Student: 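Pasting in a structure now, in structure tokens, and then I'll have a few things to ask.
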Protein chains: 2
Amino acid sequence: MIGHSAKIPLPSLKRLPGYVHFLRSLKCEGVATVSTTAIGRALRLDPTQVRKDLACTGAEGRPRVGYRVDDLIVVLEEFLGWRNVSEAFLVGAGHLGSALLGYEGLRNHGLDVIAAFDSHPAKVGQDVHGVKVLDIERLPGLARRMGVHIGVLTVPVDAAQEVAERMVEGGILSIWNFAPVSLQLPEKIFVQNGELYAQLAVLLRRTEEAVSRKTPSTPEVA
Amino acid sequence: MIGHSAKIPLPSLKRLPGYVHFLRSLKCEGVATVSTTAIGRALRLDPTQVRKDLACTGAEGRPRVGYRVDDLIVVLEEFLGWRNVSEAFLVGAGHLGSALLGYEGLRNHGLDVIAAFDSHPAKVGQDVHGVKVLDIERLPGLARRMGVHIGVLTVPVDAAQEVAERMVEGGILSIWNFAPVSLQLPEKIFVQNGELYAQLAVLLRRTEEAVSRKTPSTPEVA
DNA sequence: TAGATTGTTAATCGATTAACAATC
DNA sequence: TAGATTGTTAATCGATTAACAATC
């Protein structure tokens with residue numbers, strides 16, 4: 001079930017988790033109500049934009065007062081599906097995969113990784129942060145039987161396409177893909193890329209810009 | 001130095017790494033030239049958009065032929081700063097931090113993490129995937145002395161703001177922040193958030209939408 | 001040549017930002 | 001009440017997509 005299942009713009013949806021994190025910190029401090037001005041100041045966003053985003057979730061505020069922090073957290077968590085976690089399978093128990101398995105945060109954010117898979121015999125049978133590592137061969141069958149719809153893909157790039165196809169075979173509907181490759185899958189399958197390299201590209205470029213501002217480049221010689 | 005230092009739209013910049021990954025795979029297959037139509041098909045992007053993106057980097061193609069794969073890779077890697085890696089410090093040698101330290105991929109993508117830091121005495125002195133873990137106290141001094149401008153932040157959320165401030169103290173200009181908190185830092189400091197939770201939010205919602213398409217919800221009862 | 005492809009200008013689309021009436 | 005704040009409509013901005021001449 002989707003809370004307030006209306007269409008929400010993608011940029012708005014991506015900002016919602018940030019609101020929840022900030023609201024939780026307010027709650028810890030005992031703050032009862034908050035205005036979009038205050039949220040915007042903390043997250044460096046336009047207050048109007050914050051209001052628009054919140055409106056998408058069905059949250060309601062009161063003029064002159066703002067939004068009740070407690071209520072707003074509940075509405076947003078409901079909207080984001082953080083109150084009834086979804087089960088997921090993870091494939092690739094390497095560095096990144098293990099890190100995600102050990103990341104308690106995911107469960108508080110709506111995702112429960114209930115099993116991991118790997119093709120490497122040395123990994124199969126192990127227990128990584130409390131999650132069993134099974135043979136990849138068993139994924140399609142188990143996914144179908146257990147009704148798991150989400151797959152987390154943390155395998156090397158060469159194996160990504162093949163593993164993704166096994167996931168689809170098992171009835172997986174959405175894939176969180178951390179391999180730097182564009183998966184070729186049926187249209188109906190949703191793929192969310194990890195975008196580590198996209199973020200890194202932005203980081204490097206902005207850094208270069210900042211460095212060259214500090215040490216102005218030598219003017220070109222004619 | 002920034003290759004073709006003109007302004008590039010943020011969405012375009014983020015797509016560039018994907019182009020390089022695809023082009024490298026073409027090169028492996030021995031393909032010599034490629035059209036924006038082919039790139040678009042592989043990455044599910046509009047060909048015109050691909051041309052616009054490539055134009056930003058200064059790449060040039062030939063009508064009827066396309067772009068030379070080899071040349072295009074060089075131009076893009078140059079533009080992205082992948083040919084002269086930038087040095088970085090990482091703080092927080094936990095699960096995620098260790099995973100990033102062990103991630104060979106980063107060095108091929110322009111980032112060289114040359115030292116890690118942690119506040120936990122048990123971690124300090126250790127060697128994680130070939131990178132020494134030092135006491136966080138030494139970060140500002142070392143960053144300044146070595147001229148490191150990039151910080152990777154993989155500490156628990158409660159420590160993030162404080163550690164970020166230490167980074168700024170050491171002359172760090174850009175921070176790749178994986179903690180779910182909006183850092184409050186001087187305007188000139190660039191912060192790239194890891195956006196794990198934003199991505200997860202999109203993933204969960206799209207999954208719910210797909211599931212409810214498969215099993216249409218019971219119509220509301222009057 | 002004919003036709004695929006680039007490079008670029010124009011049109012469209014959607015998100016952000018501004019403006020402002022309604023409200024408590 | 002006066003004034004801060006919401007909720008919403010209008011204006012702006014920027015990215016995507018369409019159209020098309022130039023090119024090999």
Side-chain angles (χ1 to χ4, degrees), chain A residues 4 6-16 18-19 22-23 26 31-73 75-76 79 182 195 198 201-202 205-206, chain B residues 4 6-16 18-19 22-23 26 31-73 75-76 79 182 195 198 201-202 205-206:
Chain A
H4 207 264
K7 264 268 178 311
I8 180 175
L10 197 62
S12 297
L13 176 56
K14 286 185 170 173
R15 282 189 291 267
L16 298 185
Y19 296 149
F22 175 61
L23 292 167
L26 286 184
V31 178
T33 64
V34 66
S35 70
T36 53
T37 318
I39 297 175
R41 200 161 35 227
L43 275 62
R44 300 183 190 259
L45 296 171
D46 186 287
T48 304
Q49 187 168 68
V50 178
R51 279 202 288 284
K52 276 253 174 79
D53 291 346
L54 297 183
C56 291
T57 69
E60 286 178 6
R62 281 195 303 175
R64 164 89 229 211
V65 179
Y67 297 77
R68 284 186 46 85
V69 173
D70 283 349
D71 297 353
L72 195 46
I73 291 175
V75 170
L76 292 178
F79 185 91
S182 183
E195 295 185 351
V202 176
R205 181 144 269 261
R206 292 280 179 275
Chain B
H4 207 266
K7 263 267 176 309
I8 180 176
L10 197 63
S12 297
L13 176 57
K14 286 184 170 174
R15 283 188 291 266
L16 297 185
Y19 296 149
F22 175 61
L23 292 166
L26 286 185
V31 178
T33 64
V34 66
S35 71
T36 53
T37 318
I39 296 175
R41 201 161 34 227
L43 276 62
R44 299 182 190 260
L45 297 170
D46 186 287
T48 303
Q49 187 168 67
V50 177
R51 278 201 289 284
K52 276 253 174 79
D53 291 345
L54 297 183
C56 291
T57 69
E60 286 179 6
R62 282 194 304 175
R64 162 91 229 207
V65 179
Y67 297 77
R68 284 186 46 84
V69 173
D70 283 350
D71 297 353
L72 195 46
I73 291 175
V75 169
L76 292 178
F79 185 91
S182 184
E195 293 184 354
V202 176
R205 182 145 267 263
R206 291 278 180 275

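In this text the structure is predicted, and so the values were computed from the model without any measurement.
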Student: Check every atom of D:dA18, D:dA15, C:dT5 against the side chain of B:D46 and return the nucleotide holding the closest atom.
Tutor: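 Selected nucleotide (nearest to the side chain): D:dA18.
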Student: Between B:T36 and C:dT6, is there a side-chain N or O to OP1/OP2 distance below 4.0 Å?
Tutor: yes
Student: Of the nucleotides C:dT16, C:dG3, C:dT6, which has the atom closest to the B:R64 side chain?
Tutor: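 Nearest to the side-chain atoms of B:R64, counting from C-beta on, is C:dG3.
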Student: How long is the line joining CG of B:D53 and P of D:dG14, in whole Å?
Tutor: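 Rounded to the whole Å, the gap is 17 Å.
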Student: Does B:R205 reach the side chain of A:I8, with side-chain heavy atoms less than 4.5 Å apart?
Tutor: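 Answer yes - side chains close enough.
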Student: D:dT6 base to A:K52 side chain: any donor-acceptor pair below 3.5 Å?
Tutor: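 A donor-acceptor contact between them is absent.
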Student: Please report the distance, rounded to the nearest Å, between CG in B:L10 and P in C:dA15.
Tutor: 16 Å
Student: Give me the atom names and distance for the closest heavy-atom approach of B:L72 to B:Y67.
Tutor: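 Smallest interatomic distance, heavy atoms only, reads CD2-CB, 3.7 Å.
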Student: Could you give the CZ-to-P distance, from A:R51 to C:dA19, as a whole number of Å?
Tutor: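 Nearest whole value for this atom pair: 13 Å.
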Student: Going by heavy atoms in the side chains, are B:T37 and B:V50 under 4.5 Å from each other?
Tutor: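 A side-chain contact is absent here, since even the closest heavy-atom pair is not under 4.5 Å.
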Student: What's the closest nucleotide to the side chain of B:T48 if the choices are C:dC24, D:dT17, C:dT17?
Tutor: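 The nucleotide sitting nearest to the side chain is D:dT17.
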Student: Atom CD of B:Q49 to atom P of C:dC13: distance rounded to whole Å?
Tutor: 16 Å
Student: Kindly indicate whether the side chain of B:P9, heavy atoms from C-beta on, has any atom under 4.5 Å from the side chain of B:C56.
Tutor: yes
Student: Nearest whole angstrom, please: distance from the C1' of D:dT5 to the OH of A:Y67.
Tutor: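 Going from A:Y67 (OH) to D:dT5 (C1'), I get 9 Å.
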Student: Do B:L54 and B:F79 have side chains that get closer than 4.5 Å, going by heavy atoms?
Tutor: no
Student: Given the rule that a pair is Watson-Crick or G-U wobble with both distances under 3.5 Å, how would you write DNA chain C in dot-bracket, using | for pairs to a different strand?
Tutor: ..||||||||||||||||||||||
Student: Taking atom types as modelled and ignoring hydrogens, do the side chains of A:R51 and A:T36 form a donor-acceptor contact shorter than 3.5 angstrom?
Tutor: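 Indeed, the side chains of A:R51 and A:T36 share at least one donor-acceptor pair under 3.5 Å.
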Student: Does a side-chain heavy-atom distance below 4.5 Å link B:Q49 with B:R15?
Tutor: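 A side-chain contact under 4.5 Å exists here.
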Student: In whole angstrom, give the distance that lies between atom CG of A:L54 and atom C1' of D:dG7.
Tutor: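 In whole Å, D:dG7 C1' lies 11 Å from A:L54 CG.
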Student: Within this structure, what is the NZ-to-P distance between A:K14 and C:dT16, rounded to whole angstrom?
Tutor: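 Answer to the nearest Å: 11 Å.
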Student: Between B:I8 (CD1) and D:dT16 (P), how many Å, whole number?
Tutor: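 Result: 11 Å.
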